[in-house]
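Let me begin by presenting the structure, written as structure tokens, before commenting on it.
Heavy-atom basis, side chains included; hydrogens, waters and symmetry copies ignored. Here, residue 1 is the first one in the sequence, and each next residue gets the next number.
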Amino acid sequence: MKILLVFAALMAAACSEQLFVGDQVLRVTASDEQQITLLRVLEEQTELQVDFWRHPTRPGHPADFRVPFPSLQAVKIFLESNSISYSIMIEDVQELLNEEKKNMTKPRRTERSTSTFDFASYHTIEEIYDWMDMLVDDHPSLVSKIQIGQSYENRSLYVLKFSTGGSNRPAIWLDTGIHSREWITQATGVWTANKIAEEYGQDSSVTAILDRMDIFFEIITNPDGFAFTHSSNRMWRKTRSINAGSHCVGVDPNRNWDAGFGGSGSSSNPCSETYRGRYAHSESEVKAIVDFIHGHGNVKSVISIHSYSQMLLFPYGYKKVPAAHHQELNELAKKAVSDLAAMYGTKYTYGSVADTIYMADGTTIDWAYDNGVKYSFTFELRDTGRYGFLLPSSQIIPTATETWPALLDIMVHGTAGGAGLEATILMGFKRPRGAIGTRDGLFRLTMRALVLLAALVAVAAGTETFIGHQVLRIVPTSHEELQKVQELQDLEELQLDFWLSPRGLGHPVDIRVPFPSLQSLKAHLEANGISYSIMIEDVQTLVDHEQMEMLRSRRGLPLSTNTFNYDTYHSLDEIYAFMDLLVAENPNLVSKLEIGRSTENRPLYVLKFSKGGTNRPAVWIDTGIHSREWVTQASGVWFAKKIVLDHENDEGLASILDKMDIFLEIVTNPDGFVFTQTQNRMWRKTRSRHSGSICVGVDPNRNWDAGFGGSGASGNPCSETYHGPYANSEPEVKSIVDFVKNHGNIKAFVSIHSYSQLLLYPYGYTSTPVPDQKELDQISEQAVAALSSLYGTNYKYGSIITTIYQASGGTIDWTYNQGIKYSFTFELRDTGRYGFLLPAKQIVPTAQETWLALKVIMLHARDHLY
């Protein structure tokens, strides 16, 4: 890390970028009006270059200001001599900037679609503008990009338009980034724009809004300032216009509007951060919006998003007189803040600008309100001062996620003029395009209601919940640390669930920790000097969201595989029904075989893809042997449809099927899979029972007769890696063993798991390399390259034992020992951010990229039959 920070500092110096080494952010909470006056005096001392992040307003309200290192001693002496207490919010501003820069360099690569864009990172203006183009390309019937003007430095002022058609419809205006250093706002803008595009047709509120209104969204409202924050001065707030007669540059674009312009809540000093400009609308960035709203003439809501302070504000700022609609705006703000807080408990204050913070003239929403836009609001996003304008990128998505329901409240209310639309949504709004039917009325609830419903269903059904559970990541850096982490696996009383088991120094270990064990485990780790990070803050939150998405997508059984929803997770019954549809639609290519029965007597179905002939060379693919790895079964469904779609049009696949059959078992562990959906989402094993133990199930990937019972499996029936009483004891395993042996001509065997982004080949139970190691390694290299070519997803590859850990009784070790040379295991997305709870929106991208790797393996097998 030190090297990275030094490198960042050197790069900044080389680029003449302003540094903030030793600068501190101080917080003062004035106790009386005299101290307020003294702070305002401090603000006027331009030679000290004190940068007020939150201005002194009234006693009891915090004021935050960045103090340059050369002025630090003088400012502290001034405060102390006047008995003004202060605290240090940020010890060294440059350290946060270096961390921010380091995090921005990590994800840098060319994004090929909005689905792979890193929403959890800050981005440059070029990256955001490229992303806007991708969003338009991905949603051409909904999203367009318009240019409303040019900035002072001649950059384009782009606005995204979300519209379902029609001319001059009522509209909502959103803008972010008018103050350029407030990076969380532009990042939230990107996330929110993507959310609008994705939710149309899925979310009843968004659909209802866009079926009546247009949304205009300016993500980078101050592009010159934003570019300057990236290239020269991260703390830059204003525009970049030149002020005649002054060496100071820029105007505060949120003091430049013709609403009380030139009053006491702005400055006439060009060197001030709140300099209003020479005249109203002098700034081209402001004038462009003014002209657009005037030219449109039917904008009903204006929402301008800033940071920080956690506030929701409405007019007025330039006068104390309440707005004519004060009561309605206040009630709406109250509801929005409540819904925002429901997500993560983030507390917002709300009220008029003048009453809540201070007098501020020439602002966006005051002008909008005075020009007839009743629903005019300003957000001040996270946080309340711990990081200020340097909010860590890890908070981008939580910030955007919690802001979204508040935005929806305002947009829905504004759409109906305060009535009507909410009732329409609650009754079950029906889209004219028919993609959402009246059957969905039950699910046209707010997000909170859906989550509550899911939780109530879980309780009623006796489903295990994971409230307060966290997934911790440990990366052992010494053999002593590794040993202590390995010892945790034996502490059954803690009920730790190892998502990624210990495998070596520098390799992450992911552990789901039940809430009752959380404090003791963290204390144990800290006492032993073992660092950890929190990958998932609350497992139940992700489970609730997953259930909510499944509920929303349920619209009865589809009539064909063309209308099947591949972007969501499905139940066993839905997947089996899909298989029947696929067979019925493609009787000359697809058939369904039953190769056995599970412990709980469920059929074990395999899809056969064949152009005819008997006992031809074959490829076997299975998904879902570990039941909680839902992205694998979902990918298996997508693969099945892909084979049908491409078997004639794709030359490579056609040539494979000309020579070979493909067998695909989508739900390899059906009992476990049903249990994950009805009782315990985290269930991994089968559901067999064994005498002498109260614990249920066997790890079906430790039950094969390949090094059975050796290191890398457990003899404890309560362990997640319990190998079973004997090899092939599980009918789910035995059925595949019998099928493979009886077939006798399977040339490639691919078993698909998640997560870790790995492509593995034998052996796992022994360190002895397989005879075909060189060939398997070359195939893996080619397959991983093909996979990464689509979205840039990084995979590692190698033998199981050298890449992850020793594991005995594994599927592909057994198949290789049976003479199936091309035996592989995939570990799909991701690398731990979501683990086994991968969001449904990643299903199709995961399946698409994996398919490219599968084709490499199948084509090689086709060309090297043995």
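Side-chain contact, Trp704 with Thr811: a donor N or O sits under 3.5 Å from an acceptor N or O. Looking at Thr850 and Ser635, their side chains never bring a donor and an acceptor atom within 3.5 Å of each other. Remark: the Tyr569 side chain and the Gln677 side chain contain no N/O donor-acceptor pair separated by less than 3.5 Å. The closest side-chain donor-acceptor pair between Asp699 and His626 falls under 3.5 angstrom. For the residue pair Glu730 and Thr686, a side-chain donor N or O sits within less than 3.5 Å of a side-chain acceptor on the partner.
Lys734 meets the salt bridge (charged side-chain N to carboxylate O under 4.0 Å, His left out) test with Asp738; sequence neighbours excluded. Residues meeting the ring-ring contact (aromatic ring centres under 6.0 Å, His included) test with Tyr722, sequence neighbours left out: His690. Residues passing the salt bridge (charged side-chain N to carboxylate O under 4.0 Å, His left out) test with Glu198: none are found, sequence neighbours excluded. In this structure, the ring-ring contact (aromatic ring centres under 6.0 Å, His included) partners of Trp620, at least two apart in sequence or on a different chain, are Phe739, Phe749. Every ring-ring contact (aromatic ring centres under 6.0 Å, His included) that Tyr605 has, sequence neighbours left out, goes to Tyr576. Under the side-chain contact (heavy atoms from CB on, under 4.5 Å) criterion, Leu758 pairs with Arg503, Ser756, Leu760, Lys796, Thr803, Ile804, Glu827, sequence neighbours left out. Considering only residues two or more places apart in sequence or on other chains, Asp671 meets the salt bridge (charged side-chain N to carboxylate O under 4.0 Å, His left out) condition with Arg602. With sequence neighbours left out, the salt bridge (charged side-chain N to carboxylate O under 4.0 Å, His left out) criterion links Glu594 to Arg597. Looking at residues two or more places apart in sequence or on another chain, you find a side-chain contact (heavy atoms from CB on, under 4.5 Å) between Val583 and Val590, Lys592, Leu607. Remark: Asp137 engages no residue in a side-chain contact (heavy atoms from CB on, under 4.5 Å) (not counting sequence neighbours). For the ring-ring contact (aromatic ring centres under 6.0 Å, His included) test, no residue two or more places apart in sequence or in another chain qualifies with Tyr761.
Although no hydrogens or angles enter the test, the distance criterion places no donor-acceptor pair under 3.5 Å between the side chain of Glu665 and the main chain of Asp622. Within the 3.5 Å criterion, the main-chain N or O of Glu464 finds no donor-acceptor partner in the side chain of Asn680. When atom types are taken as modelled, the side chain of Glu849 and the backbone of Tyr791 share no donor-acceptor pair closer than 3.5 angstrom. Side chain of Lys685 to backbone of Ser719: a donor-acceptor contact under 3.5 angstrom is found. Of the possible donor and acceptor atoms, one in the side chain of Arg628 sits under 3.5 Å from a partner among the backbone N and O of Met682. Listed for the Thr632 side chain is a donor-acceptor partner under 3.5 Å among the backbone atoms of Glu629. Using a distance-only test at 3.5 Å, with no hydrogens or angles considered, a donor-acceptor pair links the side chain of Thr207 to the main chain of Gly201. Side-chain atoms of Thr668 come within 3.5 Å of backbone N or O of Thr623 as a donor-acceptor pair.
Residues Thr815 and Ile812 share a closest heavy-atom pair of OG1-O, 3.0 Å. Counting all heavy atoms, side chain and backbone alike, Leu776 lies closest to Pro762 at CD1-CD, 4.2 Å. Scanning all heavy atoms of the two residues, the minimum distance from Val543 to Arg681 falls at CG2-CG, 4.3 Å. Summarising the geometry of Val750 relative to Ile857, their closest heavy-atom pair is CG2-CG2, 4.3 Å, with the distance given to 0.1 Å. Taking each heavy atom of Phe673 and Leu572 in turn, the nearest pair found is CE2-N, 3.7 Å. Closest of all the heavy-atom pairs between Val136 and Val143 is CG1-O, 3.6 Å.
Annotation: side chain of Trp404 is in contact with side chain of Leu408 (closest heavy-atom distance under 4.5 Å). In this structure, the side chains of Val471 and Phe466 stay at 4.5 Å or more apart for every pair of heavy atoms. Within the 4.5 Å cutoff, side-chain heavy atoms of Ile196 are placed close to those of Leu210. In this structure, Leu581 and Ser560 have side chains that are not in contact, with every pair of non-hydrogen atoms separated by 4.5 Å or more. Inter-residue side-chain proximity for Thr846 and Tyr755 is flagged as unmet; no heavy-atom pair is nearer than 4.5 Å. When side chains are defined from C-beta on, Trp814 does not count as touching Val733, because their heavy atoms never get closer than 4.5 Å. At a threshold of 4.5 Å between non-hydrogen side-chain atoms, the residues Val674 and Glu600 do not count as touching. Taking 4.5 Å as the limit, some side-chain heavy atom of Asn562 sits within range of a side-chain heavy atom of Lys641.
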Show me the donor-acceptor pairs within less than 3.5 Å that the side chains of residues 831-844 make with the rest of the protein, sequence neighbours left out.
from: Gln842; atom 1: OE1; to: Arg829; atom 2: NH1; distance (Å): 3.1

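To the nearest 0.5 Å, atoms CD (Glu732) and OG (Ser627) are separated by 10.0 Å. In this structure, Asn586 CG and Ser591 OG are separated by 11.0 Å, a value rounded to the nearest 0.5 Å. Note: Asp813 CG to Thr825 OG1 = 8.5 Å, rounded to the nearest 0.5 Å. Within the model, atoms CG of Asp646 and NZ of Lys855 stand 7.0 Å from one another, a figure rounded to the nearest 0.5 Å. Rounding to the nearest 0.5 angstrom, the gap separating the OH atom in Tyr795 from the CG atom in Leu759 is 8.5 Å. Note that the CG atom of Leu865 and the CZ atom of Arg616 stand 10.5 Å from one another [nearest 0.5 Å].
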- Item | Phe826/Leu854 under side-chain contact (heavy atoms from CB on, under 4.5 Å): CA gap, chis, key distance, verdict | CA-CA 10 Å; Phe826 282 86; Leu854 281 173; 3.9 Å; yes
- Evaluation steps, side-chain contact (heavy atoms from CB on, under 4.5 Å), between Tyr200 and Ile209: CA-CA 9 Å; Tyr200 179 69; Ile209 291 165; over 6 Å; no
- Step by step, work out the side-chain contact (heavy atoms from CB on, under 4.5 Å) result for Lys741 and Val737. CA-CA 6 Å; Lys741 285 183 173 179; Val737 167; 4.0 Å; yes
- Run the side-chain contact (heavy atoms from CB on, under 4.5 Å) check on Phe609 and Ile621 step by step: do they pass? CA-CA 11 Å; Phe609 300 85; Ile621 303 170; over 6 Å; no
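Within the 6.0 Å centre-distance limit, the rings of Tyr566 and Phe564 are counted as a close aromatic pair. Ring pair Tyr822/Phe824: centre-to-centre distance not below 6.0 Å.
By the 6.0 Å and 45° rule, Lys747 stacks over the aromatic ring of Tyr866. A cation-pi arrangement is present between Arg687 and Phe675 under the rule of less than 6.0 angstrom and at most 45 degrees off the ring axis.
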